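Reading through the structure tokens given below for one structure.
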Amino acid sequence: MDARLEAIRDTVLARNPGEAEFHQAVTEVFESLGPVHDRHPEFLEGAVLERLCEPERQIIFRVPWTDDAGRVQINRGFRVEFNSALGPYKGGLRFHPSVYLGIVKFLGFEQIFKNALTGMPIGGGKGGSDFDPRGRSDAEIMRFCQSFMTELYRHIGEYTDVPAGDIGVGGREIGYLFGQYKRITNRYESGVLTGKGISWGGSLVRPEATGFGTVIFTEEMLKTRGASFDGRRVVVSGSGNVAINAIAKAQSLGATVVACSDSSGYVVDEAGIDVGLLRQIKEVERGRLKDYAVRGTHVAYVEGGSVWDVDAAVALPCATQNELGGDAAARLVRNGLLAVGEGANMPSTREAVAVFQDAGVLFGPGKAANAGGVATSALEMQQNASRDSWSFEHTEQRLTEIMVGIHDRCAATADEYGAPGNYVAGANIAGFVKVADAMLAQGLI
Ligand code: GLU
């Protein structure tokens with residue numbers, strides 16, 4: 001890492017002790033930015049990096065609620081409003097027991113660059129709670145969401161901060177959150193949340209967008225080597241919203257997705273994952289992947305273990321941060337891996353990324369490859385602002401153009417800065433320069 005940047009990075013780490021994921025995300029971005037600072041001394045003079053690493057505002061709050069047995073439960077809520085240089089803070093809410101400030105900050109930090117790459121007018125933010133939705137009834141989920149919004153509502157708004165979903169937050173939760181926002185404020189403010197239901201201000205393609213976008217981005221990477229998804233063997237991790245839609249899109253392009261996973265194990269289905277059955281089990285019944293193995297034909301279920309043991313030409317990590325380490329990366333490379341498209345945020349460890357890049361594997365980092373979700377959220381905001389709703393075809397076309405645009409911008413930026421084919425450098429530099437220019441233009445804020 002460039003020595004000037006390393007000194008700033010060390011200060012950031014010391015100021016934010018114990019936030020390992022945030023440290024990781026910051027370090028990875030700083031490693032790309034040396035050449036930018038050679039060309040743009042004004043970024044150092046304006047202390048852009050120091051400012052960028054300090055969120056504009058961080059909100060931490062108590063979320064009290066009662067469970068179905070009448071017991072009082074207390075969770076912690078977060079919203080980190082990281083950067084508004086390009087637009088209102090935008091980013092999802094994650095409900096998962098692992099959530100703490102370091103996770104929310106890493107996600108919020110990544111979101112700044114991701115959102116910049118989309119070309120849409122959105123700043124970066126993220127939020128969530130250490131609430132564990134697993135095994136909770138609908139009524140408990142609703143009471144939790146209502147309590148969460150009872151504090152959050154005062155911090156958000158169409159022109160201020162626009163949350164959406166992430167792990168543990170989908171259409172059901174956005175519905176309860178929106179209902180409570182409307183009740184407290186007495187405003188039908190569609191643009192305050194994205195990922196809404198289609199009959200009350202949501203956008204077609206938003207549910208599919210992150211997974212679809214990841215596959216579109218990866219297909220563009222493959223094209224640079226004269227390859228495509230067609231006829232390829234693919235492994236996807238996870239079996240949530242991103243994974244399911246990545247599987248559907250990859251298979252529509254002629255790939256065979258032979259495996260996917262959840263936190264308990266993974267399934268191998270050599271005939272290709274049956275997306276209809278997977279949706280039924282995960283989205284309708286909110287069940288476990290094990291059930292897929294019981295109901296599918298010729299399906300093997302492996303309890304525990306790593307889905308990355310399964311060989312594939314393309315790997316799409318769509319579960320969670322740091323799910324793919326150096327050893328798994330080396331195994332995938334030995335098994336003939338051609339490309340990785342990150343559907344999740346920071347799923348590959350820094351060791352894994354190094355293994356992929358050293359082996360010449362095409363590697364699309366999450367902040368570029370999974371930007372289709374938030375980009376389609378911005379399309380939802382556009383539709384809300386104009387009180388319009390677009391067709392599936394039109395919206396999907398816009399998503400495709402945005403993903404191809406992100407791919408091309410990352411590739412061109414990597415070329416321009418002497419790192420051809422390095423999508424990590426391309427994404428970090430292109431996202432950073434856009435935000436840095438806007439920050440300098442807006443004065444010392
Ligand atoms: N949570 C998603 C992400 O990581 C989507 C955020 C949004 O739509 O605002 O980008």
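This structure is a prediction, so every number in the text was calculated from the model and none was measured. The figures here come from the full heavy-atom set of this structure, side chains too, leaving out hydrogens, waters and symmetry mates.
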Between Asp130 and Arg76, is there a donor-acceptor pair closer than 3.5 Å when you use the side chain of the first and the backbone of the second?
yes

**Study point:** Any donor-acceptor N/O pair, Arg398 side chain to His394 backbone, under 3.5 Å
**Key:** no

Practice task
Using distance alone, with no hydrogens and no angle criterion, decide if Thr214 and Lys249 have a side-chain donor and acceptor under 3.5 Å apart.
Solution key: no

Between the OG1 atom in Thr400 and the CD atom in Glu393, the distance rounded to the nearest 0.5 Å is 11.5 Å

All heavy atoms of Gln251 vs all of Val257, minimum pair found to be OE1-N, 2.9 Å

On a heavy-atom basis, the closest approach of Gly341 and Pro317 is O-CD, 3.3 Å

Taken to the nearest 0.5 Å, the spacing of Ile112 CD1 from Lys90 NZ works out to 14.5 Å

Ile402 vs Met120, test: side-chain contact (heavy atoms from CB on, under 4.5 Å). Steps then yes/no.
CA-CA 9 Å; Ile402 291 168; Met120 314 292 286; 4.1 Å; yes

Hits for side chain to side chain donor-acceptor pair (under 3.5 Å) against Glu323, two or more places apart or cross-chain, chain-then-number order -> Ser237

Heavy atoms of Ile198 and Leu204 approach each other most closely as CD1-N, 3.3 Å

So OH of Tyr176 and CZ of Arg143: to nearest 0.5 Å the spacing works out to 10.5 Å

**Message:** I'd like to know whether the aromatic ring centres of Phe148 and Phe95 sit less than 6.0 Å apart in this structure.
**Reply:** yes

Taking atom OH as the centre, does Tyr159 end up with more than 12 heavy-atom neighbours from other residues, nucleotides or ligands that are less than 6.0 angstrom away? no

Applying ring-ring contact (aromatic ring centres under 6.0 Å, His included) to Tyr292 and not counting sequence neighbours gives none

Exactly one candidate in Arg57, His155, Arg79 meets side chain to side chain donor-acceptor pair (under 3.5 Å) with Asp161; the answer is Arg79

**Message:** What I want to find out is whether Lys114 reaches Glu110 closely enough, with some N-O distance under 4.0 Å, to be called a salt bridge.
**Reply:** no

Please state whether the rings of Trp65 and Phe131 are parallel, tilted or perpendicular, taking 30° and 60° as the class boundaries.
perpendicular

**Asked** Is Asp67 reaching over with its side chain to a backbone N or O of Gln73, donor-acceptor style, under 3.5 angstrom?
**Response** no

dist Met149:CE -> Thr185:OG1 (nearest 0.5 Å) comes out at 9.0 Å

- Do we see a donor-acceptor contact under 3.5 Å between the side chains of Ser137 and Asp68? yes

Phe392 meets the ring-ring contact (aromatic ring centres under 6.0 Å, His included) criterion, sequence neighbours left out, with none

Any Ile141 side-chain heavy atom under 4.5 Å of Glu173 side chain: yes

For Phe212, the ring-ring contact (aromatic ring centres under 6.0 Å, His included) test, sequence neighbours excluded, returns none

Would you say Asn241's side chain and Pro207's backbone share a donor-acceptor pair under 3.5 angstrom?
-> yes

Between Pro55 and Cys53, the two heavy atoms sitting closest are CD-O, 3.5 Å

Checklist line | Residues Arg288, Ser263; criterion side chain to side chain donor-acceptor pair (under 3.5 Å); working and verdict | finding: CA-CA 9 Å; Arg288 302 294 293 166; Ser263 56; 3.1 Å; yes

Keeping the roles fixed (side chain from Thr376, backbone from Leu379), state whether a donor-acceptor pair exists under 3.5 Å.
-> no

- Message: Before you tell me yes or no, could you show the steps for Ile103 and Phe78 under side-chain contact (heavy atoms from CB on, under 4.5 Å), namely the whole-Å CA-CA distance, both residues' side-chain angles and the distance that decides it to 0.1 Å?
- Response: CA-CA 10 Å; Ile103 295 265; Phe78 301 90; over 6 Å; no

message: Under a 3.5 Å distance rule, please check whether Glu56 uses its side chain to pair with a backbone N or O of Ser84 as donor and acceptor.
response: yes

- prompt: Would a distance-only check, ignoring hydrogens and angles, find a side-chain to backbone donor-acceptor pair under 3.5 Å from Glu342 to Ser348?
  reply: yes

Interatomic distance, CG@Asp327 vs CG@Asp309, rounded to 0.5 Å, equals 10.5 Å

Can you tell if the side chain of Met221 reaches within under 4.5 Å of the side chain of His407, non-hydrogen atoms only? yes

Of all heavy-atom pairs linking Thr210 and Gly373, the shortest is OG1-CA, 3.1 Å

In short, salt bridge (charged side-chain N to carboxylate O under 4.0 Å, His left out) pairs touching residues 195-219 with sequence neighbours left out are Lys196-Glu380

Exactly one candidate in Ser190, Ser389, Ser203 meets side chain to side chain donor-acceptor pair (under 3.5 Å) with Gln383; the answer is Ser203

Under 3.5 Å, side chain of Ser147 to main-chain N/O of Pro64, donor-acceptor pair present? yes

Side-chain donor/acceptor of Asn115 to backbone N/O of Gly123, under 3.5 Å: yes

Scanning both residues in full, the closest heavy-atom pair of Gly254 with Asp230 reads CA-OD1, 3.5 Å

Could you check whether Arg233 pairs with Glu270 (Lys NZ or Arg NE/NH1/NH2 to Asp/Glu carboxylate O, under 4.0 Å)? yes

Gln180 versus Ile184: any side-chain heavy-atom pair under 4.5 Å?
yes

Any salt bridge linking Lys367 with Glu28? Criterion: basic side-chain nitrogen under 4.0 Å from a carboxylate oxygen. yes

**Prompt:** Under 3.5 Å, is there a donor-acceptor pair between the Asn322 and Arg350 side chains?
**Reply:** no

Could you check whether any side-chain heavy atom of Phe178 comes within less than 4.5 Å of a side-chain heavy atom of Val192, counting everything from C-beta outward? yes

Between the OG1 atom in Thr349 and the CD atom in Gln321, the distance rounded to the nearest 0.5 Å is 12.0 Å

side-chain contact (heavy atoms from CB on, under 4.5 Å) between Asp358 and Val333: does it pass, once the steps are laid out? CA-CA 10 Å; Asp358 290 348; Val333 168; over 6 Å; no

Give a yes or no on whether the backbone of Val299 and the side-chain of Asp269 come within a donor-acceptor separation of less than 3.5 Å. no

Q.
side chain to side chain donor-acceptor pair (under 3.5 Å), that's the test. Do Gln397 and Glu401 meet it? Break it down for me.
A. CA-CA 6 Å; Gln397 180 60 31; Glu401 286 161 11; 3.1 Å; yes

Glu21 meets the salt bridge (charged side-chain N to carboxylate O under 4.0 Å, His left out) criterion, sequence neighbours left out, with none

- Query: So, do Cys260 and Val307 sit near enough that their side-chain heavy atoms are less than 4.5 Å apart?
  - Reply: no

query = Are Leu222 and Val314 close enough that some pair of their side-chain heavy atoms sits under 4.5 Å apart?
reply = yes

Using a 4.5 Å cut-off on heavy atoms from C-beta on, say whether the side chain of Val80 contacts that of Leu101. yes

**Study point:** Donor on one side chain, acceptor on other, Tyr181 and Glu189, under 3.5 Å
**Key:** yes

| task | Begin from the C-alpha positions of Leu52 and Phe113 and carry the test side-chain contact (heavy atoms from CB on, under 4.5 Å) through to its verdict. | result | CA-CA 11 Å; Leu52 200 56; Phe113 307 100; 3.8 Å; yes

